[in-house]
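What follows is one structure encoded as structure tokens, with my remarks underneath.
Everything numeric in this text was worked out from a predicted model, so none of it was measured. To find a chain, count down the sequence lines: A is the first, B the second, and so on, and within it residues start at 1.
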Amino acid sequence: MFYIRPMTQDLFTVDAEGARAPEQNSRLAPAYMQGLNPPQREAVETLEGPVLVLAGAGTGKTRALTTRIAHLLMTGTAHPQEVLAVTFTNKAAGEMRERVEALIGQPTTGWWLGTFHSLAARILRIHASALGADSFNQNFTILDDDDQLRLLKTLLIDNNLDPKAHSPRAVSNAISRWKDRGWVPEKVPLDDIPSGLCDGQLGRIYDAYQSRLLELNACDFGDLLLHNLTIFRINSAILETYQHRFRFILVDEYQDTNVAQYLWLRLLAAKYQNIACVGDDDQSIYGWRGAEVGNILRFETDYESAKTIRLEQNYRSTGNILAAASALIANNSERLGKTLFTDDAPGSTLHVRGLPDGNEEARFITDEVESLHRQGRNYRDFAILVRSSSMMRAIEERMIDVGLPYKVFGGPRFYERKEIRDAIAYLRLIRQPDDDLAFERIINVPKRGIGQTTVAKVLGFARMSRISAMRAIDVMIDTDELPAAARKKLVAFQQMIGQWRELMNTMPHTELAAQVLEDSGYRDMWRNEKTPDARGRLENLDELVGSMGNFENLAGFLEHISLVLDTNAASGGDELSLMTLHAAKGMEFPVVFLPGWEDGAFPNMRAMTESGDKGLEEERRLAYVGITRARQELYILYVGSRFLHGQWNYSRPSRFVEELPEDLLDIDDISGASMFAGSLSAEGRSGGLGSLYGVGASGARDIGALPPLEWADKRQFRGQDSPGMNRLKTNLDTVKRGNPPIIDGTFDPVGFASRDASHGFVSGQRVFHRKFGYGIISAVEGEKLVIGFDAAGEKRVIASFVVDAAEAS
DNA sequence: AGCCTTTCCCTTTTT
DNA sequence: GGGAAAGGCT
């Protein structure tokens with residue numbers, strides 16, 4: 001039996017006097033329940049059955065959820081290992097963990113409490129082999145964005161498609177979107193074919209990508225959930241195990257679940273239906289990631305005995321802030337509608353400031369922070385929330401200048417630095433030699449004389465024979481396909497990795513990492529580099545090795561970096577927070593700055609051109625999220641001109657500013673934007689979109705002259721359909737017939753490429769080889785052939801490099 | 001092969 | 001502005 005129910009959790013047995021019975025714990029209930037209002041209490045105390053908590057911003061929904069977990073445990077209704085608590089982001093998961101620990105006074109290590117992706121990865125690690133793919137096993141690598149793009153690019157080239165004409169990025173987006181929708185493309189699918197690829201081509205790329213991932217023992221983010229679904233569907237025993245195990249399921253931010261996540265939850269909750277979801281349709285900001293607000297609406301039909309509880313009393317923000325947020329969101333047409341109220345005083349007005357440019361905006365923020373800090377605020381009381389991370393730089397630079405302590409969430413990340421990624425690639429390859437993306441990254445870094453040509457040959461052969469590069473080397477070093485010098489170097493590389501691989505089992509992982517970086521010459525490479533940032537890179541490597549100490553083993557560390565791309569989450573110093581609006585979901589701060597409220601930037605022009613009114617409404621919800629993060633003071637900022645992408649752009653205030661009730665605001669506009677707005681009214685405004693790109697300083701671009709959308713021109717092709725595309729269409733039909741997007745038997749599990757190695761060559765056959773010319777096969781050893789060539793003499797070559805002499809032109 | 005310079009392209013949000 | 005790729009030079 002693969003699953004042994006761990007009974008090591010000591011929640012009920014920590015008492016010094018011996019085992020503490022659940023009944024005794026229940027007497028503690030009043031303490032942690034104190035201060036809850038009646039609906040919150042109801043949400044906590046409805047221990048069994050499906051519960052949907054529709055809760056507005058700042059109504060204490062996460063508190064209700066965590067208290068519910070505590071209550072489940074304290075009343076003895078649930079054992080810790082029977083609880084599955086799911087959040088969207090790592091930060092939310094960490095926060096939930098903290099709160100639960102505070103409530104029950106116990107560590108929650110090992111509990112099933114985390115993000116969708118981390119929990120799905122955990123299950124997939126246990127059951128990877130149940131997927132049925134030859135090479136896919138528990139050591140699988142989780143690919144990130146960059147790996148995915150590089151892989152797609154090579155696959156495009158293999159399929160004779162030009163990566164310039166058919167951007168790997170667009171293909172990647174399309175694939176991710178399908179996956180987010182659980183392969184049930186309700187809205188986008190057939191129109192969502194990027195840049196002139198006909199659907200047959202895209203389907204082929206998709207299939208090639210998917211089977212390549214399995215050959216490399218790798219999966220992408222979307223696969224984590226999808227493979228779970230596949231396993232659950234083809235192996236009901238596994239599904240039942242988990243249905244039985246997770247008797248209590250809790251979900252935060254339910255409005256942001258996509259179809260794949262929805263299906264995953266539904267399958268798991270099917271048996272006991274003890275599922276409690278908390279969400280707010282007004283805070284749905286992940287539509288672009290496939291989030292379905294409809295999942296909230298569907299809850300009551302999915303679970304017949306569902307109980308819906310509304311939390312409408314806001315405990316977070318002042319009256320003015322709440323009123324402004326409510327007025328803004330009232331402009332959205334698609335909403336369930338909630339009326340939030342607060343008993344708090346109105347508080348300050350909202351501070352709206354128009355400033356000349358981005359530097360002045362940054363200066364205003366730091367000045368204001370310092371002045372409030374002098375009045376007794378801590379730095380950690382402040383948050384600066386931006387629409388896009390590119391807006392962070394100016395603010396960051398300013399804060400460095402004046403020496404304010406700050407922390408960036410979701411900006412350029414530690415793990416995305418080149419040296420860190422290289423170091424991790426070494427470790428990935430040592431742990432999982434089939435990881436070609438890691439291989440490609442470090443095969444010649446530092447330089448070891450294995451050039452582009454050699455690497456291209458190895459990788460090309462690997463893809464052709466549907467094996468990984470390291471395995472391809474095994475084959476190729478026995479043959480004459482590569483020059484002797486190259487073979488020698490490849491062998492040396494392989495042996496180097498092999499030695500470390502052996503050390504992996506005996507040596508602590510931090511020591512191994514240090515040794516790998518030293519022995520590989522990677523550290524020396526940076527030591528010898530004279531650029532100013534080389535020293536910093538070496539320090540980063542030290543930091544990486546140091547941070548590995550926080551993990552039990554190499555596997556745990558690698559899992560962490562692929563799922564939790566956030567190093568400084570745990571620093572609790574007195575620092576102000578700088579992050580995107582998306583990253584701020586679920587958080588609150590006494591003082592919030594919202595810079596960059598300019599039309600075109602926010603609401604973001606792309607969001608609107610791509611998704612029209614729906615896009616605008618999502619942007620408005622984002623604004624709503626931003627405003628409702630603030631407890632006491634709120635600053636909304638816009639500038640008259642901003643330096644973006646190497647060019648000055650003139651702008652006018654966001655339409656969202658106009659949607660705020662004027663009597664709640666104190667406005668001070670020195671942006672000069674109104675002047676431009678006036679001059680723009682003829683052309684810019686009539687365009688209906690913002691003027692962010694309207695008039696460049698150099699008179700560069702005009703709204704009407706924007707480049708045509710790349711996504712136009714989609715379906716004039718009728719290429720032959722691939723299995724992947726057929727699958728899509730089948731599912732599309734299912735949905736069109738009015739069926740809910742459920743997994744059913746009609747929908748195939750991931751398709752696998754069969755590994756048919758038989759080539760059909762026989763001894764005595766006359767063949768042609770591109771490099772060695774014509775010859776006669778003297779022996780066949782699996783896929784290797786020994787051939788006596790007319791000109792080159794006897795050589796060992798690989799069957800796939802050879803064609804029958806008659807077929808050679 | 002390797003190194004330096006130029007050119008081109010992108011540029012929302014994230015697990 | 002910034003990164004990747006292509007081109008050009010040693």
Side-chain angles (χ1 to χ4, degrees), chain A residues 86-93 114-121 142-146 148-150 153 163-165 167-170 172-173 176-177 179-180 219-225 253 256-258 260-261 284-291 358 385-394 397 409-413 416 418 444 446-454 485 529-531 559-566 579-585 596 600-611 615 618-619 621-623 625-626 642-649 692-693 707 710:
Chain A
V86 193
T87 64
F88 219 73
T89 62
N90 292 300
K91 225 175 306 130
T115 61
F116 278 100
H117 287 86
S118 70
L119 295 168
I142 302 168
L143 295 190
D144 62 24
D145 216 41
D146 187 72
Q148 193 188 25
L149 286 180
R150 278 190 293 140
K153 193 176 156 192
K164 269 188 186 160
S167 123
R169 165 67 61 190
S172 155
N173 285 345
S176 304
R177 253 180 278 195
K179 292 189 173 184
D180 284 336
C219 67
D220 63 23
F221 279 112
D223 286 338
L224 292 174
L225 265 297
E253 310 283 9
D256 284 324
T257 51
N258 61 37
Q261 293 161 337
S284 168
I285 54 175
Y286 282 95
W288 53 277
R289 277 268 282 91
L385 311 180
V386 295
R387 174 62 181 84
S388 61
S389 46
S390 59
M391 291 187 66
M392 286 183 181
R393 200 186 335 116
E397 276 167 12
F409 293 90
R413 289 156 173 156
E416 281 171 14
K418 189 181 292 153
N444 203 27
K447 301 254 182 290
R448 44 178 75 93
I450 304 175
Q452 276 178 20
T453 324
T454 308
E529 170 116 19
K530 288 170 202 76
T531 51
E559 185 89 351
H560 170 82
I561 51 160
S562 50
L563 289 171
V564 190
L565 288 167
D566 194 6
M579 67 186 91
T580 64
L581 285 163
H582 283 87
K585 194 176 67 166
F602 188 42
N604 182 277
M605 186 175 66
R606 263 178 97 98
M608 291 188 295
T609 46
E610 276 171 23
S611 324
E618 180 149 319
E619 294 287 294
R621 289 194 292 270
L622 201 50
V625 167
R642 195 177 284 282
F643 195 72
L644 272 181
H645 317 311
Q647 176 187 6
W648 280 101
N649 294 276
L692 182 62
Y693 300 96
E710 268 186 61

What nucleotide among B/dC3, B/dT14, C/dA5 has an atom nearest to a side-chain atom of A/Lys153? C/dA5
Without decimals, in angstroms, what is the distance between A/Lys447 NZ and B/dC3 C1'? 10 Å
For the side chain of A/Asn444 and the backbone of A/Ile450, is there at least one donor-acceptor N/O pair under 3.5 Å apart? yes
Using atom CE of A/Met391 as one end and atom P of C/dG2 as the other, report the distance to the nearest whole Å. 16 Å
In whole angstrom, give the distance that lies between atom CG of A/Leu385 and atom P of B/dT14. 12 Å
A/Lys179/A/Asp220 ion pair, N-O < 4.0 Å: yes
For A/Asn173 and B/dT14, what is the distance between atoms CG and P respectively, to the nearest whole Å? 14 Å
Within the 4.0 Å heavy-atom criterion, would you say A/Phe602 contacts the bases, only the backbone, or no part of the nucleic acid? nothing
Residue pair A/Leu622/A/Gly449 against DNA chain B: nearer the 5' end by closest nucleotide is A/Gly449
Using a 4.0 Å heavy-atom cut-off, does A/Phe88 contact any base of the nucleic acid, only the sugar-phosphate backbone, or nothing at all? sugar-phosphate
DNA chain B in dot-bracket form (Watson-Crick or G-U pairs under 3.5 Å, [ ] crossing, | inter-strand) is ||||||||||.....
Has the side chain of A/Lys585 got a donor or acceptor atom that lies under 3.5 Å from a matching backbone atom of A/Val625? no
Check the orientation of A/Tyr286 and A/Phe88. Use parallel for under 30°, tilted for 30 to 60°, and perpendicular for over 60°. tilted
Walking DNA chain B from its 5' end, the first of A/Ile450 and A/Asn604 to be reached, judged by nearest nucleotide, is A/Ile450
For C/dG1, does either OP1 or OP2 sit under 4.0 Å from a side-chain N or O belonging to A/Ser390? no
Ignoring hydrogens and geometry, is there a side-chain-to-backbone donor-acceptor pair from A/His582 to A/Ile285 under 3.5 Å? yes
Given B/dT14, is OP1 or OP2 found less than 4.0 Å from the side-chain N or O atoms of A/Thr580? yes
Could you check A/Arg393 against A/Lys418 and say which one's nearest nucleotide on DNA chain C is further toward the 5' end? A/Arg393
Between A/Met608 (CE) and B/dT13 (P), how many Å, whole number? 16 Å
Which nucleotide, B/dT13, B/dT14, B/dC3, lies nearest any side-chain atom of A/Arg289? B/dT14
Does the ring of A/Trp288 lie flat against the base of B/dT12, closer than 5.5 Å centre to centre with planes under 30°? no
Just compare B/dT11, B/dG2, C/dG1 and give me whichever is closest to any side-chain atom of A/Arg606. B/dT11
Side chain of A/Ala583 (C-beta onward), nearest among B/dT12, B/dT14, C/dA5: B/dT14
Is any side-chain heavy atom of A/Val86 closer than 4.5 Å to one of A/Thr115? no
Does the side chain of A/Gln261 reach to within under 4.5 Å of the side chain of A/Asp180, using non-hydrogen atoms? no
Salt bridge check, A/Arg150 against A/Asp144: does any charged N sit closer than 4.0 Å to a carboxylate O? no
Grab the NZ-P distance between A/Lys179 and B/dT15 for me, whole Å please. 18 Å
Could you state the atom-to-atom distance from CG of A/Asp145 to P of B/dT11 in whole Å? 12 Å
A/Asn444 CG - B/dC3 C1' separation (whole Å): 14 Å
